[in-house]
Number of protein chains: 2
Amino acid sequence: MKVSVRSKSDGRKEILDAAAVAFMEYGFAGTSIDMVAEVLGSTKGKIYYHFKSKTSLFLDVHRETMTTYIEAVEEVAKGPGTPLDKLSGILTTLATQVMERLPYAKVAVEGVDMHMSRSTTPEQRAVLREIIDLRDRGEAILVRIIEDGIEQGLLRPCNPRLIVKPMLGALNWMTVWYRPRPQDTPESRKALADTLVNYLLNGIVAPADGRASA
Amino acid sequence: MKVSVRSKSDGRKEILDAAAVAFMEYGFAGTSIDMVAEVLGSTKGKIYYHFKSKTSLFLDVHRETMTTYIEAVEEVAKGPGTPLDKLSGILTTLATQVMERLPYAKVAVEGVDMHMSRSTTPEQRAVLREIIDLRDRGEAILVRIIEDGIEQGLLRPCNPRLIVKPMLGALNWMTVWYRPRPQDTPESRKALADTLVNYLLNGIVAPADGRASA
DNA sequence: GTCTATAGGACGATAGAC
DNA sequence: GTCTATCGTCCTATAGAC
């Protein structure tokens with residue numbers, strides 16, 4: 001017995017997934033709606049029934065990514081632990097998300113610095129604003145945690161607004177070199193995330209004393 | 001008295017500059033040759049006289065970027081200093097290059113994971129191979145320096161091949177957030193580069209002892 | 001809701017004037 | 001060498017059948 005309340009969002013979700021895969025492969029401008037339809041296993045009629053335009057589709061994929069990110073970030077931020085624990089947890093979560101949802105992650109990376117100056121309707125600009133707000137909210141949370149960590153003497157004094165850039169950049173850059181392999185498991189992904197996060201927190205210069213590095 | 005040996009390469013150089021600016025703004029697929037011509041202040045006839053296709057033009061911009069990178073990297077690598085000095089010097093040089101040649105840097109970032117599976121001639125594939133070789137050469141130099149640093153006890157034990165990814169990723173990510181400002185000077189850029197490189201080398205976690213962080 | 005067919009426009013690349 | 005004009009192709013988006 002199919003329930004109709006799910007039918008609409010399911011149709012959209014499948015299209016978003018297919019679009020993410022296609023956009024990941026060829027980029028926004030390089031992907032045609034026909035290519036998305038081919039990934040989806042249908043024709044573009046279906047896509048244009050659910051989405052107003054290619055730009056809207058791309059923006060919705062991007063927003064979906066950012067929403068998932070912010071939810072994960074806020075969950076860790078609200079949880080227990082020191083600022084250092086939270087910082088570590090957030091970075092690990094994000095690294096894992098990138099690996100597990102690579103197509104969506106790649107769309108977010110391309111969307112970040114896409115100037116949609118041309119061909120943006122007021123409605124699309126509203127979605128773009130939403131996306132930017134989600135990103136700013138996430139960055140603000142990180143900045144706040146770093147500030148707390150510095151205050152508590154857990155982190156080096158630094159300019160948190162500047163430091164989050166390379167931190168998040170290093171994670172986003174995973175979309176460039178990380179490729180899922182058949183032998184990948186949640187554990188192996190976790191190990192990779194831990195390695196990266198450990199580097200991002202502790203750097204690479206050897207400590208002068210015997211402080212543990214892990 | 002104009003010398004003819006320069007005339008050909010000068011025409012190409014101007015076109016490469018204009019193309020880099022246009023590609024930075026709209027990406028490869030989103031940029032038309034007419035747009036490049038407009039930045040150049042001419043018509044596309046001039047471009048097609050010097051370059052066989054849009055793809056060739058993009059690849060030549062990308063190669064130009066990678067050539068500049070590798071030259072800078074090799075100069076520092078061959079110079080004096082400890083592995084830590086060299087690592088620091090290379091990262092600082094790259095960060096500076098990104099800021100000073102932002103359009104070229106952005107093309108390199110887009111080009112890294114562009115699959116030109118379609119519409120690549122054998123000649124273009126040769127250029128692509130050249131570009132990839134330049135990148136691999138640069139990464140190999142960094143890996144070797146990190147290995148030396150670990151051996152000498154200057155750097156933490158780690159997997160160098162894995163660590164160079166976030167390191168270079170953080171620098172490449174500058175193309176996303178860094179925007180040149182009128183008040184920027186070589187000194188202010190150097191300061192920004194130093195801040196980033198210091199973070200990439202030392203991380204952000206406070207040392208347990210009184211070791212200096214700068 | 002999803003399909004086919006097509007209008008309408010943009011772009012890569014070339015031909016030929018100058 | 002650079003420009004103008006244009007051909008052919010591909011793509012977004014819509015109209016209308018089912």
Side-chain angles (χ1 to χ4, degrees), chain A residues 2-19 22-23 25-61 114-124 127, chain B residues 2-19 22-23 25-61 107 110 114-124 127:
Chain A
K2 299 264 173 83
V3 183
S4 68
V5 72
R6 279 199 135 259
S7 65
K8 188 190 171 190
S9 48
D10 276 351
R12 282 178 61 93
K13 183 64 161 47
E14 285 161 21
I15 296 170
L16 288 173
D17 285 349
F23 287 141
E25 185 98 291
Y26 301 104
F28 173 74
T31 302
S32 71
I33 295 291
D34 281 316
M35 291 161 80
V36 176
E38 199 186 330
V39 173
L40 184 59
S42 79
T43 66
K44 60 183 161 193
K46 180 171 182 176
I47 295 168
Y48 276 109
Y49 176 77
H50 289 281
F51 295 87
K52 289 183 82 167
S53 68
K54 180 177 151 181
T55 302
S56 295
L57 178 56
F58 184 88
L59 287 173
D60 279 0
V61 174
M114 202 162 91
H115 313 273
M116 312 233 224
S117 26
R118 306 167 304 171
S119 73
T120 39
T121 67
E123 193 193 342
Q124 288 168 359
V127 178
Chain B
K2 299 264 171 85
V3 183
S4 68
V5 73
R6 278 197 136 259
S7 65
K8 188 191 173 188
S9 47
D10 276 350
R12 283 178 61 93
K13 183 63 162 46
E14 285 162 20
I15 296 171
L16 288 173
D17 285 348
F23 287 141
E25 186 98 292
Y26 301 104
F28 173 73
T31 301
S32 71
I33 294 291
D34 281 314
M35 291 160 80
V36 175
E38 200 187 329
V39 173
L40 184 59
S42 79
T43 66
K44 59 183 163 192
K46 179 171 182 175
I47 295 168
Y48 276 108
Y49 176 77
H50 289 281
F51 296 87
K52 289 183 83 167
S53 68
K54 181 177 151 182
T55 302
S56 294
L57 177 56
F58 184 88
L59 287 173
D60 279 359
V61 174
V107 166
E110 184 183 2
M114 201 163 92
H115 312 273
M116 312 232 223
S117 24
R118 305 169 303 173
S119 72
T120 38
T121 67
E123 192 192 343
Q124 288 169 359
V127 178

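Numbers restart at 1 for each chain; the letters A, B, ... are given by sequence-line order, proteins then strands.
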- Message: Using the salt bridge (Lys or Arg N to Asp or Glu O under 4.0 Å) criterion, which residues pair with B/E25? Sequence neighbours excluded.
- Response: none
- Could you list the residues that satisfy side-chain hydrogen bond (donor to acceptor under 3.5 Å, both in side chains) with A/D17, not counting sequence neighbours? A/Y104
- Message: Please tell me if B/Y49 has a side-chain N or O lying less than 4.0 Å from either OP1 or OP2 of D/dG1.
- Response: yes
- Task: Specify the separation, in whole Å, of atom CG of A/L57 and atom P of D/dC11.
- Result: 16 Å
Can I get a per-line list of side-chain donor-acceptor pairs under 3.5 Å for residues 33-48 of chain B, giving both atom names and the distance, sequence neighbours left out?
{"unit_1": "B/D34", "atom_1": "OD2", "unit_2": "B/K44", "atom_2": "NZ", "d": "3.3"}

- When rounded to whole Å, the NZ to P distance for the pair A/K46 and D/dT12 reads 19 Å
- Task: For the pair B/F58 and B/F28, name the ring-plane relationship: parallel under 30°, tilted 30 to 60°, perpendicular over 60°.
- Result: perpendicular
Sort me out a list of protein N/O and nucleotides 16-18 of chain C N/O pairs below 3.5 Å, or just none if empty.
none

- Note on the structure: In whole angstroms, the gap separating C1' of C/dG1 from CD1 of A/I15 amounts to 10 Å
- With heavy atoms under 4.0 Å as the rule, sort A/T43 into base, sugar-phosphate or nothing. base
Close N or O pairs between protein and nucleotides 12-15 of chain C (under 3.5 Å):
{"unit_1": "C/dG12", "atom_1": "OP1", "unit_2": "B/T31", "atom_2": "O", "d": "3.2"}
{"unit_1": "C/dG12", "atom_1": "OP1", "unit_2": "B/K54", "atom_2": "NZ", "d": "2.8"}
{"unit_1": "C/dG12", "atom_1": "OP2", "unit_2": "B/I33", "atom_2": "N", "d": "2.9"}
{"unit_1": "C/dA13", "atom_1": "OP2", "unit_2": "B/Y48", "atom_2": "OH", "d": "3.0"}
{"unit_1": "C/dA13", "atom_1": "OP2", "unit_2": "B/K54", "atom_2": "N", "d": "2.9"}
{"unit_1": "C/dA13", "atom_1": "N6", "unit_2": "B/K44", "atom_2": "NZ", "d": "2.5"}

- Message: Whole angstroms only, please: what is the CZ-C1' distance between A/F51 and D/dT14?
- Response: 18 Å
- side-chain contact (heavy atoms from CB on, under 4.5 Å) between A/Y26 and B/M114: does it pass, once the steps are laid out? CA-CA 7 Å; A/Y26 301 104; B/M114 201 163 92; over 6 Å; no
- Query: For B/S53, which residues count as a side-chain hydrogen bond (donor to acceptor under 3.5 Å, both in side chains) partner, sequence neighbours excluded?
  - Reply: B/S56, B/Q124
- Message: Is there a side-chain contact (heavy atoms from CB on, under 4.5 Å) between A/D60 and A/R12? Walk through the geometry before answering.
- Response: CA-CA 10 Å; A/D60 279 0; A/R12 282 178 61 93; 2.9 Å; yes
- Message: Tell me the interatomic distance from A/I47, atom CD1, to D/dA13, atom P, rounded to whole angstroms.
- Response: 11 Å
- Task: Would you name the heavy atoms of B/E110 and B/F23 that are closest together and state the gap between them?
- Result: OE1-O, 4.3 Å
